[in-house]
Amino acid sequence: MSQQQTTAKRDGFSSGFGVLAATLGSAVGLGNIWKFPYLTGANGGASFLLVYLLATLLVALPVMIAEIALGRKAKANPISALLALAPARQPWWLIGAAGMVASFLILSFYSEVVAWVFAYILKAISGSVLSSDRAVTEAAFGSLISDPVQSLVWQWVVLATMGGILMLGVTKGIEALTKKLMPLLFLLLVLLCAVSLSLDKAREGLAFLFHPDFSKLTAATVLTALGLAFFKLSIGMGTMMTYGSYFRDDQDIPATAFRVMSADLCVSLLAGIAIFPAVFTFGFEPAAGPALVFITIPAVFSQIPMGQALMVVFFVLTAIAATGATLSLMEVPVLILQERFGLSRRKATASTLGLLALTGSTCALTNSALSGFTLFGLNMFDLFDFVSSNLILPAGGIFIALFVGWVWGFDQLRRALSNEGRLNNGKLAGVVFFLLRYVSPLLILLVMLKGLNLF
Ligand code: PHE
């Protein structure tokens, strides 16, 4: 199929608000509610947060803008986009191919965390997890993740749900869902923060989150913070390029990216403020790892009237936020299979799901059947996370920045960011270009080399 034919039939976001909501829907997800608090807790709190902020502003935001601009210009999946925009025979399309691999790796563990969220909706309804007793909430989580049948079946439920939504198509499926429910999640998080801040040891929790202790910072934690910044904004692997390809030509790209980044940061911070005061008050371990949110959140809800009903709502909304992110992750391989391999949307979705059921099961069984199985000292769940967030996404970021900074060039970037001269943002384009050409690639490279102990 020629490029012309494929672009003519492409789906797209129908309105400016739809674009913002869907992009936000990709960015906001378990990264905010699950990953951000657990990594911040495990890596020393405020110092990690500070590095994460710097990484977001100096590196992730410019790369996000670049990705969306490339996607919108080419109006195609990441592989076709880079083939179309790069000079002949230069292999920049490999960024898209690596993105497809990253998408499978991330989805393999991400779908399992979504599975825990789904399972927690039922646990919340039954009331069995609502407690501030550490023994109770830890046992509830432990029994879920160490049960191979529950872990697998819930993951299949998640995959089937996502597949169903994806087959409905971009505009209908993603836009409708995210538009309506994001504000509700935000409100509920604000309520949780208020409750958490009224707890005995709220001060300690806040100090942990906002008073940096730089002795906790190592090269490896800096790489983790950078990887989180990429993961959070769904960049470095073609997701934002794919979403950019659905952007309308009159959409203000830098403004949209900035809004998404800010809102995403707010949600992460709210999750942190909701969790750490409770962690200290109820004697949880800040470094509890992936379990942190699942053991702490029920304790916060146990402190409020109607806590049980609100906890049900919380996990439902979290599941919906996670759905927006999961769909955007799946969109990368699905669109590549559709546009490059000529599969129908249905077949592309079904093949992606089939492969995911296989790769994902290794993560679902990490705490049961495969608990003794490690590679490079990491279990499959942690390995997939490490390889995607700390290797592929940052490396993708280097190459996207280099591509725009040295190949695509300033003129193209300026035209893309100003909507062909209709927006007056030449200075901003200059700053973004400078960051992409010099700062982002070098910074990412240094952090990766140091963080991986390569020099
Ligand atoms: N940004 C999403 C989240 O925070 C995860 C994600 C990563 C989505 C990469 C798409 C691509 O949950």
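Order of appearance sets the numbers: ligands from 1, and atoms from 1 within every ligand.
For Tyr120 and Phe315, the ring centers sit closer than 6.0 Å to each other. The aromatic ring centres of Phe36 and Tyr52 sit less than 6.0 Å apart. Taking the six-membered ring for Trp and the full ring otherwise, Tyr243 and Phe247 have centroids separated by 6.0 Å or more.
Nearest heavy-atom pair across Ala274 and Cys193 is N-SG, 3.8 Å. Shown here for Gln155 and Ser111, the closest heavy-atom pair between the two residues is NE2-OG, 2.9 Å.
For atom 4 (O) of ligand 1, the closest heavy atom belonging to the protein is Lys232 NZ, 2.4 Å. Closest to atom 3 (C) of ligand 1, if we only count protein heavy atoms, is Ala27 O, 3.2 Å. Closest to atom 12 (O) of ligand 1 among all protein heavy atoms lies Tyr110 OH, 2.4 Å. Looking at atom 7 (C) of ligand 1, its nearest protein heavy atom turns out to be Phe231 O, 3.3 Å. The single protein non-hydrogen atom nearest to atom 8 (C) of ligand 1 is Ser234 OG, 3.3 Å, given as residue, atom name and distance.
Classified by interplanar angle (parallel below 30°, tilted 30° to 60°, perpendicular above 60°), the ring pair Phe208/Phe280 is tilted. Ring geometry for Phe231 against Phe109 counts as parallel: the plane angle stays under 30°, on a 0 to 90° scale with 60° as the upper cut.
Those atoms of ligand 1 with a heavy atom of Met237 less than 4.0 angstrom away are 9 (C), 11 (C). The ligand atoms of ligand 1 that sit less than 4.0 angstrom from a heavy atom of Gly31 are 3 (C), 4 (O), 12 (O). Which parts of ligand 1 touch Leu329 is read off a 4.0 Å heavy-atom cut-off, strictly below it: atoms 8 (C), 9 (C), 10 (C), 11 (C). Distances below 4.0 Å separate heavy atoms of Ser26 from the following atoms of ligand 1: 1 (N), 2 (C), 8 (C).
Within the 4.0 Å heavy-atom shell around ligand 1 one does not find Trp34.
A salt bridge between Lys75 and Asp249 is present, with a side-chain N of the basic residue lying under 4.0 Å from a carboxylate O of the acidic one.
If you look at Lys35 next to ligand 1, there are no close heavy atoms at all, none under 4.0 Å. Contact annotation for Leu30 and ligand 1: only backbone heavy atoms (N, CA, C, O) come within less than 4.0 Å of the ligand. Residue Ser328 touches ligand 1 through its side chain alone, judged by heavy-atom distances below 4.0 Å.
With respect to Phe230, the side-chain contact (heavy atoms from CB on, under 4.5 Å) criterion is satisfied by exactly one of Ile235, Ile392, Asn390: Ile235.
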